[in-house]
Q: 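I am attaching a structure below and will ask some questions about it afterwards.
We count ligands from 1, going down the list as the structure has it; atoms in each ligand are counted the same way.
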Amino acid sequence: MSSTSVRTVLVTGGAGYIGSHTVLELLKAGDNVVVIDNFDNSSPKALEVVHDLAGRECVLVEGDLGDADTVEAIFAEHDIDSVIHFAGLKAVGESVEVPMKYYRTNIGSTMTLLEAMDRHEVRRLVFSSSCTVYGDPETIPINEDTPLQASSPYGRTKLFIEEMLRDVADSNPEWRFSLLRYFNPVGAHESGRLGEDPTGIPNNLMPFIMQVAVGQRAKLSVFGNDYPTRDGTNIRDYIHVVDLAEGHLKALDELETGTGCRAFNLGTGTGSTVLEVVAAAGEAVGKPIPHEIVGRRAGDVIAIWADPEKATRELGWKSTRDLNDMCRDHWRWQEQNPAGFG
Ligand code: WQD
């Protein structure tokens, strides 16, 4: 960002879990922010909290990124410098049941966004990708040269969008893309007022644990303890959502000079087993998390964690919060908001 002008950033899906934490960091950094969100998987209350925490507001457009007129109006009315693109469907299991909904929504809306950007010569975008594009890797830790092999329709939408962005960047050197491959986002803003608010029964480990801790669920089912790992349960690279948000600002800043289409792993570089997370959560909550070992969940990979060196080297970013920080902050959010944003 040049020293004199204030940057205006369009954030798609900016009311979501990672989106809202990123909008907060952008507002705190002095950027102007325009958010488009259809609130399918998020609440406008998240942005009310963001405005209060930041002491300033973003422009909110309630609408669908797949609607070309809505998207065109945003670029016509605001002098957008760059885009952070979070909006999309993200439930792996659901994507298997309704793949066309995922292809239409995730890929179709990204094409609508890129076409509007092209018309208005806005050519810098940070994309919310995922470690899911690595599928079940041969070797870990994973670096960005690890072969890509998505194993669900959701993962394939992320992979196809990455390929589309690589092709667009190859077609015109003016385009600059940063593909951020998240590992397992958890945690919440330290205020306890912003956090993950999954719809229905949580698919993911940490929100389920915290709903058990707050009394909303009876106990956690641990999906298998007969894997070839140190305690028999799967290993993942859990990363604090605020570390992730900070990574987006680093990537956006780097696109002032960085060129082409480059991918970065946003992980801690440390793997934790399911039972280690359960134990750390119990410490944060102050009481053990009721759980039982059940059968394996179809599609779970045994172990996956990041080599985040490229993001450190090229973006100047490194995670700073550990698993205890993640559990402490996630619990503060859950305890203060048992029903999420309601
Ligand atoms: C983690 C571990 C489960 C719930 C997800 C998304 C993926 C990406 C990363 C976005 C596994 C175990 C879970 C439960 C359990 N996100 N588990 N009981 O599957 O690694 O990946 O986050 O792009 O797309 O799918 O995360 O939290 O579902 O599972 O034992 O009730 O916890 O078996 O080992 P996952 P998860």
Q: Counting from 1, what ligand 1 atoms have a heavy atom of Asp300 closer than 4.0 Å?
A: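 That gives atoms 3 (C), 33 (O) of ligand 1.
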
Q: So Tyr103 and Phe160, would you call those rings parallel, tilted or perpendicular, with 30° and 60° as cut-offs?
A: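 Ring orientation of Tyr103 relative to Phe160: parallel.
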
Q: What protein heavy atom sits nearest atom 4 (C) of ligand 1, and how far off is it?
A: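 The protein heavy atom lying closest is Asn203 O, 3.4 Å.
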
Q: With a cut-off of 4.0 Å, which atoms of ligand 1 are near a heavy atom of Phe183?
A: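 Under 4.0 Å from Phe183, ligand 1 has these atoms: 9 (C).
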
Q: What residue and heavy atom of the protein are closest to atom 5 (C) of ligand 1, and at what distance?
A: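 Nearest protein contact, heavy atoms only, for atom 5 (C) of ligand 1 is Asn204 ND2, 3.7 Å.
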
Q: Go through ligand 1 atom by atom and flag the ones less than 4.0 Å from a non-hydrogen atom of Val222.
A: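 Per the distance check, 30 (O).
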
Q: Among Lys28, Arg321, Lys318, which residue satisfies the salt bridge (charged side-chain N to carboxylate O under 4.0 Å, His left out) criterion with Glu246?
A: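 Of all the options given, the one that passes is Arg321.
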
Q: Relative to the ring of His21, is the ring of Tyr17 parallel (under 30°), tilted (30 to 60°) or perpendicular (over 60°)?
A: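 Because their plane-to-plane angle is over 60°, the rings of Tyr17 and His21 count as perpendicular.
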
Q: Within a distance under 4.0 Å of any heavy atom of Leu220, pick out the atoms of ligand 1 and give their elements.
A: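 Per the distance check, 14 (C), 18 (N), 31 (O).
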
Q: Is any side-chain N of the basic residue among Glu48 and Lys45 closer than 4.0 Å to the acidic one's carboxylate O?
A: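 A salt bridge is absent here (no side-chain N lies under 4.0 Å from a carboxylate O).
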
Q: Just to be sure I'm reading this right: ignoring hydrogens, which of Leu205, Val186, Asn184 gets closest to atom 35 (P) of ligand 1? Compare them by their nearest heavy atoms.
A: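 Nearest heavy atom to atom 35 (P) of ligand 1 lies in Asn184.
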
Q: Below 4.0 angstrom from a heavy atom of Tyr238, which ligand 1 atoms are there? Numbered from 1 as shown, please.
A: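 So the answer, numbered in order with elements, is 1 (C), 2 (C).
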
Q: Are a donor atom and an acceptor atom from the side chains of His85 and Thr110 found within less than 3.5 Å of each other?
A: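 Result is yes, a qualifying pair exists.
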
Q: Counting each atom of ligand 1 from 1 as listed, which ones have a heavy atom of Asn234 under 4.0 Å away?
A: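 Those of ligand 1 that fall under 4.0 Å from Asn234 are 11 (C), 33 (O), 34 (O).
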
Q: Less than 4.0 angstrom from a charged side-chain N to a carboxylate O is my criterion; do Arg230 and Glu276 meet it?
A: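 Yes, Arg230 and Glu276 are salt-bridged.
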
